[in-house]
Asker: 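Shown below is the structure under consideration.
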There are 2 protein chains.
Amino acid sequence: MPHTAAVETEGRPIVTVDVALFTLLPEEGLAIVLGTRDRDPFAGRPALFGGFLRPGSDGSATDAAHRLLAEKAGLADVFVEQLMTFSGPDRDPRGWSVSIAYYALVPFGRLAEARPGLAVWPVGRMPPLAFDHDRIAAAALARLGGKASYSTLPAFLLPKTFTLPELKAVYEAVLGTALNDSAFRRKVMEMRILEEVPEKRGATAGVRRPAQLWRLAADRLVEFDRTV
Amino acid sequence: MPHTAAVETEGRPIVTVDVALFTLLPEEGLAIVLGTRDRDPFAGRPALFGGFLRPGSDGSATDAAHRLLAEKAGLADVFVEQLMTFSGPDRDPRGWSVSIAYYALVPFGRLAEARPGLAVWPVGRMPPLAFDHDRIAAAALARLGGKASYSTLPAFLLPKTFTLPELKAVYEAVLGTALNDSAFRRKVMEMRILEEVPEKRGATAGVRRPAQLWRLAADRLVEFDRTV
DNA sequence: GCAATAGTGTCTATCAGACAGTATTCG
DNA sequence: CGAATACTGTCTGATAGACACTATTGC
C-alpha cells in the first residue's frame with residue numbers, strides 16, 4: 001500500500017505562481033511590466049504574470065515561473081528569483097490561496113520580442129493591480145532595492161554587454177540614489193565582477209567619447225561582501 | 001490504481017509548512033531543535049516541525065508556522081520569519097509538494113517549557129533529516145548567517161534582557177567569526193537599538209564584574225544600514 | 001580647438017580594528 | 001589586593017566621497 005493513502009486530499013489551498021517583471025526604461029527608469037487578466041476574477045485588470053502551479057508538468061515552482069513568463073509575456077531565458085510566498089483566505093476570491101511570488105528582470109531591448117499588449121509602468125505610478133498583486137509588487141521592489149547595493153542584481157536589467165556609465169545608471173535607478181563616479185568604478189573593478197569586452201560603444205548621437213564595453217564575469221547573480 | 005496518480009491529476013499539490021527552529025547552546029553555540037516523525041514517510045527520523053497547511057483554520061502560512069511550533073514543539077510566541085518555498089515532485093514520497101519554509105529562534109532557557117523529547121544538535125553535526133529538510137535547514141542557516149550582520153536577528157536567541165558580552169557572543173556564534181569588542185560596543189550604541197535596563201547581572205559563579213543589562217528597543221527585527 | 005562624455009588621481013573625512021588602559025566586582 | 005571580566009579611550013589603517021584633472025571622440 002502506497003504512503004499516499006494518508007495524504008489529505010480535501011482542503012488543499014489553491015496554489016499559484018506570480019511573477020513581478022521589471023525593466024529599465026531609457027528615460028523613466030525602473031518600470032514594471034504587466035499583463036491583463038483575461039477572465040474573472042479581476043477580468044481586464046492589470047496583473048502580474050501568474051497562473052496555477054501545474055504539478056505533473058511543472059518540475060518546480062521556479063519552472064512554473066519561467067513557463068508563465070513564456071506563456072503570458074512571451075519571454076524566455078529571463079533572470080528569475082524567488083521573492084516570498086503570500087497566503088490567506090482573502091487574497092483570491094476563489095478561495096484560500098497560496099501564491100509563490102517571484103521577481104524577474106529583463107533588459108528593455110528584449111521587450112521587442114515580448115508578446116504585444118503588455119503594459120509598462122514606471123514603478124512610481126503603477127495602476128491598481130488584480131488580487132493582492134500591489135502588495136507583491138511592493139515587496140519585490142523593496143527586495144530589489146535592498147539587494148541591489150550588495151549584488152550584481154541591477155546588471156540583469158542591462159543587455160549582455162554594457163558600459164560602466166550604463167551600469168552606474170542602473171544601480172542609481174534601482175537604489176534611487178546618486179552614486180559617486182570614481183568610487184563606483186574603483187569598487188566594481190576591485191570586486192572583479194566584470195570582464196572587458198574587446199570593443200567600445202561608439203558615439204551614438206551626440207558628441208562624446210566612446211566607452212569601454214564590459215560583461216558580467218559570472219552568468220549568475222553574485223553577492224558582494226561590501227556595497228557599491 | 002495508486003493514489004499518487006489521483007493526487008497529481010487532481011491538480012493541486014500537497015502544501016506543507018516546515019519550521020527550522022534554532023537555539024543557542026551555552027557551550028556549543030548555535031544548534032537546531034528537531035522533532036521526530038511519528039508516522040510514515042520517514043517515521044522515527046528527526047525532522048523540522050512541519051505539517052499540512054490547514055485552510056479553514058490557518059489564517060496564513062505564518063499562522064500555520066506558529067501553530068506547528070505550538071503543537072509539535074510546545075512553544076508559543078517564538079520569533080518566526082519566512083525563509084523560502086521549496087517545491088517539486090520528488091521532495092515528498094506522497095506526491096508533488098510545496099513546502100513553505102520558516103526559520104524560528106528561541107532562547108535556550110525557553111526550551112525548559114518545550115515539549116519533552118525534542119532533539120538539540122549543534123549545527124555543525126546535524127543528523128540526516130526526513131524529506132529534504134537537510135536542504136531547508138542549510139538554507140535557513142545560510143540566511144541566518146547572512147542576515148545576522150545587518151540586523152538584530154541574533155538577539156532573538158537571547159532572553160529579553162541580556163548583557164553586551166552576551167550579545168556579542170551570539171553575533172559571533174551566528175556569524176561564525178570573532179568580532180572586535182570596542183567596535184561592537186561602539187556600533188551597537190550608535191545604532192540605538194538597545195534600551196538600558198536599570199539593573200545589572202550579578203556575578204554568577206566565578207569572579208567578575210557584573211555587566212549592565214539591556215533589551216531591544218524595538219520588539220521586532222530591525223535591519224541596519226551598516227554592519228556590526 | 002570646443003563641447004561633451006569617459007575615465008584617473010589624489011585629498012580628506014569617516015569608520016572599523018587593535019590594543020592599552022581603567023573600572024568594578026569577588027574572594 | 002589579586003584575579004577576572006566589563007568597559008573606555010585613542011591610535012592607526014582602510015575605505016568611501018569629493019572633486020580636480022586628463023583622455024578621447026565628433027564636429
Side-chain angles (χ1 to χ4, degrees), chain A residues 26-27 148-151 154-155 158-159 161-173 175-215 223-228, chain B residues 26-27 148-151 154-155 158-159 161-173 175-215 223-228:
Chain A
E27 299 297 322
S149 60
Y150 65 92
S151 75
L158 293 177
T161 66
F162 46 80
T163 67
L164 279 185
E166 286 166 350
L167 187 65
K168 179 174 168 252
V170 70
Y171 271 92
E172 291 176 326
L175 292 171
T177 160
L179 296 175
N180 182 280
D181 187 58
S182 74
F184 180 81
R185 303 178 98 94
R186 192 167 48 207
K187 290 191 245 182
V188 161
M189 289 300 121
E190 280 169 2
M191 292 190 295
R192 313 203 154 279
I193 55 173
L194 300 183
E195 266 172 11
E196 201 166 329
V197 175
E199 206 179 321
K200 299 193 182 214
R201 167 147 314 156
T204 48
V207 175
R208 65 170 199 269
R209 171 177 174 181
Q212 182 62 49
L213 282 174
W214 303 83
R215 71 166 148 253
E223 298 188 9
F224 320 143
D225 51 3
R226 62 180 192 177
T227 210
V228 291
Chain B
E27 297 298 321
S149 60
Y150 65 91
S151 74
L158 293 177
T161 66
F162 46 80
T163 68
L164 279 184
E166 285 166 351
L167 187 64
K168 178 173 169 252
V170 69
Y171 271 92
E172 289 175 328
L175 292 170
T177 160
L179 296 175
N180 181 281
D181 187 57
S182 75
F184 180 81
R185 303 178 96 94
R186 193 166 47 208
K187 291 192 246 182
V188 161
M189 288 301 122
E190 280 170 1
M191 292 190 295
R192 315 203 151 277
I193 55 174
L194 300 184
E195 265 172 12
E196 203 168 327
V197 175
E199 208 178 321
K200 299 193 181 215
R201 166 148 316 156
T204 46
V207 175
R208 63 171 199 272
R209 172 179 173 180
Q212 182 60 51
L213 283 174
W214 303 83
R215 71 167 146 253
E223 299 190 8
F224 320 143
D225 51 3
R226 61 179 192 181
T227 210
V228 292

Asker: Please report the distance, rounded to the nearest Å, between CE in B/Met189 and P in D/dA6.
Answerer: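 Whole-Å distance recorded here is 14 Å.
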Asker: Measure the distance from NZ on A/Lys200 to P on D/dG26 and round it to the nearest whole Å.
Answerer: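 Between P of D/dG26 and NZ of A/Lys200: 12 Å.
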Asker: Starting from C1' on D/dA16, measure out to CD on A/Glu190 and report it in whole angstrom.
Answerer: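 Between C1' of D/dA16 and CD of A/Glu190: 10 Å.
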Asker: Could you tell me the separation between the CD atom of A/Glu196 and the P atom of C/dA6, rounded to a whole number of Å?
Answerer: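 From A/Glu196 CD to C/dA6 P: 16 Å.
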Asker: Which residues pass the salt bridge (Lys or Arg N to Asp or Glu O under 4.0 Å) test with B/Glu195, not counting sequence neighbours?
Answerer: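 Expected list: B/Arg215.
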Asker: Heavy atoms under 4.0 Å is the rule here; annotate nucleotides 18-23 of chain C 5' to 3' with B where the base is hit, S where only the sugar-phosphate is, and - elsewhere.
Answerer: BB---B
Asker: Under 4.0 Å between a side-chain N/O of A/Arg226 and OP1 or OP2 of D/dA16, yes or no?
Answerer: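 True: A/Arg226 side-chain N/O within range (under 4.0 Å) of D/dA16 OP1/OP2.
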Asker: Looking at A/Arg208, I'd like to know whether one of its side-chain N or O atoms comes within less than 4.0 Å of OP1 or OP2 on D/dT25.
Answerer: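 Looking at the OP1 and OP2 atoms of D/dT25, neither is under 4.0 Å from any side-chain N or O of A/Arg208.
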Asker: What is the distance from CG of B/Leu213 to P of D/dA6, rounded to the nearest Å?
Answerer: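 Roughly 12 Å, once rounded to whole Å.
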Asker: Return no unless some side-chain N or O of A/Lys187 is found under 4.0 Å from OP1 or OP2 of D/dG17.
Answerer: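 So the side chain of A/Lys187 is within the cut-off, an N or O lying under 4.0 Å from OP1 or OP2 of D/dG17.
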Asker: Mind checking the CG-CZ spacing from B/Leu194 to B/Arg185? Nearest 0.5 Å is all I need.
Answerer: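 B/Leu194 atom CG to B/Arg185 atom CZ measures 11.0 Å (nearest 0.5 Å).
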Asker: Using the ring-ring contact (aromatic ring centres under 6.0 Å, His included) criterion, which residues pair with B/Phe184? Sequence neighbours excluded.
Answerer: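 Result, ring-ring contact (aromatic ring centres under 6.0 Å, His included) vs B/Phe184: B/Tyr171.
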Asker: Would you mind telling me which residue lines up with the more 5' stretch of DNA chain C, A/Leu164 or B/Val228, judged by nearest nucleotide?
Answerer: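 Whichever sits nearer the 5' end wins; that is A/Leu164.
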Asker: Who passes side-chain contact (heavy atoms from CB on, under 4.5 Å) against B/Thr163, sequence neighbours left out?
Answerer: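 Partners of B/Thr163 under the side-chain contact (heavy atoms from CB on, under 4.5 Å) test: B/Pro165, B/Glu166, B/Arg201, B/Ala211, B/Leu213.
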Asker: To the nearest angstrom, how far is B/Arg185 atom CZ from D/dG9 atom C1'?
Answerer: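 For the pair B/Arg185 CZ and D/dG9 C1', the rounded distance is 13 Å.
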Asker: Can you tell me how far the NZ atom of A/Lys187 sits from the CZ atom of A/Arg226, to the nearest 0.5 Å?
Answerer: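 Taking NZ in A/Lys187 and CZ in A/Arg226, the distance rounds to 6.5 Å.
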Asker: What is the distance, to the nearest angstrom, from the CG atom on B/Asp225 to the C1' atom on C/dT14?
Answerer: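 Checked: the CG to C1' distance equals 14 Å.
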Asker: Applying salt bridge (Lys or Arg N to Asp or Glu O under 4.0 Å), name anything that partners A/Glu27, two or more places apart in sequence or on another chain.
Answerer: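 For A/Glu27, no residue satisfies salt bridge (Lys or Arg N to Asp or Glu O under 4.0 Å) once neighbours in sequence are set aside.
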Asker: Only counting residues at least two apart or in another chain, list the ones meeting side-chain contact (heavy atoms from CB on, under 4.5 Å) with A/Ala173.
Answerer: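 In terms of side-chain contact (heavy atoms from CB on, under 4.5 Å), with neighbours along the sequence ignored, A/Ala173 is linked to A/Leu24.
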Asker: Take the protein atom NZ of B/Lys168 and the nucleotide atom P of D/dA6, then report the distance between them rounded to whole Å.
Answerer: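 Interatomic distance, NZ of B/Lys168 to P of D/dA6: 10 Å.
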